[in-house]
Amino acid sequence: MRKLLGLFMVISLLLAGSIGAYAEQITLHMWGHSNAFFEQANRDIIAAYEALNPNVKIIYETFPYDTFLQKSLTSFSVGEQPDILEMSGRLIMSYAKNGLVEPVPAELMTTEEMEEAFFEGAIGGYKHNGVYYAMPRESNFEYGGILANMEILRSVGVETLPTTWDELIEAAKKATIKRGNLISRHGFYLGGGDATVYYLLAFILQNGGEYWNEDQTAVNFTTPEAKKALQEIVNLTAAHQVMARETTAPTDIFVQQRAAMVAIGSWAISFVKSEYPELEIAYFPTPSVTDADPNYASQSGWGLVVSKDTPHQDVAWDFVKFATSTEQARHFLKTTMNIPPNKALMSDPELLEVNPYLEVPFKMMPYGRPLGDLRNAQQFVRIIMDAVDAAALGQISIDQALQNIEAEINQMIAEADGR
Amino acid sequence: MYRMPTLKRRIKSWGFTPFVAISLVILLMPLFVFSFWPIVEGFILSFFRGSSVLRPVDEFVKLRNYKDMLSDRIFRTAIVNTFKFSLMVLPMNILLSLPIALGLNTITRFREALRSAYFLPAVTSVVAVSIVWIYLYNPHVGLINTVVEVLGLMPQAWLSDPKWALFSIAVMWVWRDLGYNVVVFLAGLQGIPTYFYEAARIDGANGFQLFRYITVPLLRPVMQFVVIMTAISSFKVFDPIQVMTSGGPMRATTNLVFYVYEHAFEYLKMNQAAAASVVLFGIILLITLLQLFHFRTQWEY
């Protein structure tokens with residue numbers, strides 16, 4: 001009888017053990033955008049996490065950036081969303097407002113801890129009603145750096161990189177080549193939706209202006225500072241004639257060697273270095289357009305979010321915590337050559353060794369501040385880009401362009417706020 | 001005693017066999033699910049405002065989305081561009097495809113090969129073709145400006161200049177769509193009985209008269225089809241605009257379909273996008289009905 005009882009207990013324990021082990025097997029789905037460097041870094045981090053947690057399997061899928069939004073929205077609408085998303089800072093706020101993603105749990109990081117650990121500009125776009133909804137992976141740096149083709153600059157007698165706005169324009173004039181009524185080589189190219197918007201906003205701040213009202217419920221672009229800022233951008237095509245507005249992406253213009261200098265985020269460096277190693281490049285800080293500090297506004301970069309209804313929230317957040325820990329963040333940033341969001345990694349020697357170009361953002365980051373709640377970032381960018389294009393092509397006046405920007409953005413904000 | 005009619009009897013009373021009825025249901029189901037139902041849903045959506053992109057029918061707002069749309073200068077630009085594009089594409093396409101089809105109809109050697117060559121762009125990926133045309137239109141290294149300069153003309157920024165951007169895309173679209181119309185016209189020309197031409201030649205008709213008094217009238221049903229299909233295709237064009245100009249510069253290439261896409265998938269304003277798509281649907285329906293009415297023929301040959 002005692003033997004039978006012992007056998008029964010052993011079998012029960014074995015069964016309980018096997019059932020327990022089975023129950024602990026967790027599969028998480030994570031989505032990100034297609035980018036070879038991001039994918040490599042994420043696969044490494046996932047492999048490291050799975051090695052530490054053998055009961056967790058993370059299925060990582062990527063999609064082209066342009067279709068990522070539609071794909072993720074569709075997945076939420078049919079309840080097939082992944083557990084974890086790597087999401088652009090531009091989108092996180094709208095997902096948070098729509099209640100699609102979870103706030104960062106206090107056990108992972110409190111609001112105060114986040115603000116202490118990360119740069120304000122890196123996480124400002126994740127905050128909704130005083131709560132953060134994502135953990136940052138990088139800092140966005142659309143304003144603040146200029147990519148230069150040193151071979152072109154030297155060929156026109158520019159040996160040292162410009163340190164003031166006037167020097168930049170002079171160097172650009174020397175490097176510009178015209179072909180009939182077209183510019184076949186831009187001396188300094190400031191184009192594309194993002195760069196245009198970030199430079200306009202930075203120029204307003206550097207002129208001592210402000211584009212938000214006090215409580216950020218409306219924008220104000222009909223100010224003397226905004227007029228000076230837009231005039232400076234229009235001058236590039238009109239007075240200085242160092243560029244022409246194009247529909248081609250700035251990166252493509254640079255690698256086709258159709259520009260001596262291009263205003264571009266530091267994210268482009270890894271692409272140019274790996275795909276066009278023959279190009280001799282330099283990356284230098286954008287000089288302030290005035291005598292003031294090079295103040296600028298930046299949007300939050302890529303961050304990790306956890307979906308609202310995931311059944312494995314605790315495990316999902318555990319992975320996010322692991323992926324954004326200092327050690328894994330360093331690996332991610334070394335692989336992707338992006339800018340750290342963590343204050344702890346500012347001027348990190350390991351990162352600088354891999355990517356010496358990081359010195360530029362490291363120098364500029366103290367001047368950055370969050371862009372503010374744009375409500376609809378895509379529309380915000382498009383409204384400004386259309387107006388700047390029209391002013392630069394001489395179709396409307398500077399004043400008219402600024403009036404259009406102000407009226408259309410305020411209408412968008414009122415609509416988004418239900419007013 | 002009254003007997004309830006079985007489903008089988010009821011179907012038979014409609015003149016169908018069960019097999020035909022089942023086949024019809026199978027065939028109509030996808031059409032209903034993927035065409036009719038989304039149209040109805042889109043129509044309903046256009047009268048609502050949502051609290052979020054996933055809850056787009058929270059508040060019934062009557063015609064507010066339509067009013068907002070009409071007061072939006074981008075929408076008005078999109079409407080104008082949609083018609084401008086169609087007015088560029090339609091004559092260019094017909095004036096090129098009909099002579100090519102007439103030429104192919106007169107030759108016997110290489111006809112199949114040439115027909116395939118003309119049709120090739122129509123079956124090629126629009127995105128791939130658009131990327132190729134971006135390079136052709138490149139103001140600095142593109143073939144088109146090279147030719148323009150050889151001809152002693154000024155090179156242009158074909159896709160960056162608002163004066164040229166829509167026309168440049170229209171040219172690309174005609175190149176892509178041409179082969180389809182050539183094949184349709186050629187089929188129509190081959191369907192015209194040769195004895196009409198023989199009789200006319202005996203009566204002394206010249207080449208132009210043969211074309212004017214035999215080909216054109218007898219090609220009318222085909223012309224109707226080609227005009228309707230080309231007009232609809234030009235109203236619905238999206239891919240080359242998205243790839244080549246993203247609706248720019250200065251909204252010069254923003255058409256109604258791009259407006260719908262931008263509002264739905266970039267601005268996440270599904271209700272406004274639905275209202276714009278209802279307008280697009282209405283325009284296409286109206287034009288189709290007008291053309292059907294205008295080109296109606298009462299005879300066969």
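Just so we're on the same page: letters track the sequence lines, and every chain starts at 1. Hydrogens, waters and symmetry mates are skipped; everything else that's a heavy atom, side chains included, is used.
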Among residues 124-131 of chain B, residues within the sub-4.5 Å heavy-atom range of chain A, in order of number, are none

Around atom CZ of B:F43, are there more than 12 heavy atoms of other residues, nucleotides or ligands at under 6.0 Å?
no

Inspect the surroundings of CZ in B:F167 and state if more than 12 heavy atoms from other residues, nucleotides or ligands are less than 6.0 Å away.
no

Closest approach of B:S160 and A:R245, non-hydrogen atoms and distance?
CB-O, 3.4 Å

B:G247 and A:R382 have their tightest heavy-atom pair at C-NH2, 3.6 Å

Nearest 0.5 angstrom please: B:W158 CH2 to A:L182 CG, how far?
10.0 Å

Greater than 12 external heavy atoms within 6.0 Å of A:Q411's CD
no

Which atoms of A:D386 approach chain B - backbone, side chain, both or neither, heavy atom under 4.5 Å
both

Quick one: do the A:R179 and B:H140 side chains pair a donor with an acceptor below 3.5 Å?
no

More than 12 heavy atoms of other residues, nucleotides or ligands under 6.0 Å from OH of B:Y135: is that the case?
no

Let me know which of B:H263, B:K269, B:E262 forms a side-chain hydrogen bond (donor to acceptor under 3.5 Å, both in side chains) with A:Q379.
B:K269

What part of A:L91 is in contact with chain B, defined as an atom under 4.5 angstrom from a non-hydrogen atom: side chain, backbone, both or neither?
neither

B:F235 atom CZ, over 12 foreign heavy atoms within 6.0 Å:
yes

On a heavy-atom basis, the closest approach of B:L159 and A:T247 is O-CG2, 3.7 Å

Need one label for A:R258: side chain, backbone, both or neither, based on atoms under 4.5 Å from any heavy atom in chain B.
side chain

Under 4.5 Å to a heavy atom of chain A? For B:Y261 that would be side chain

In this structure, are over 12 heavy atoms from other groups packed under 6.0 Å from B:K236 atom NZ?
no

Output the distance between atom OG (A:S184) and atom CG (B:N138), rounded to the nearest 0.5 Å.
10.5 Å

Shorter than 4.5 Å, heavy atoms on both sides: which option in B:A157, B:P155, B:A165, B:S246 has the most such pairs with chain A?
B:P155

So which of A:Q256, A:E408, A:R185 has the biggest tally of heavy-atom pairs under 4.5 Å with chain B?
A:E408

Please determine whether the number of non-hydrogen atoms from other residues, nucleotides or ligands lying under 6.0 Å from atom CH2 of B:W175 exceeds 12.
yes

Please test B:R49 against A:E415 for side-chain contact (heavy atoms from CB on, under 4.5 Å), starting from the C-alpha separation and ending with a verdict.
CA-CA 11 Å; B:R49 275 281 163 95; A:E415 197 182 299; 4.2 Å; yes

Would you check if B:L268 and A:N376 make a side-chain contact, meaning some heavy-atom pair closer than 4.5 Å?
no

Looking at B:E41, I'd like to know if its CD atom is crowded, meaning that more than 12 non-hydrogen atoms belonging to other residues, nucleotides or ligands lie closer than 6.0 Å.
yes

Using non-hydrogen atoms and a 4.5 Å limit, figure out which bit of B:D161 sits close to chain A: side chain, backbone, both or neither.
neither

To the closest 0.5 Å, what do you measure between OG1 (A:T248) and OH (B:Y137)?
14.0 Å

For chain A, which residues from residues 26-36 of chain B have at least one heavy atom closer than 4.5 Å to it?
none

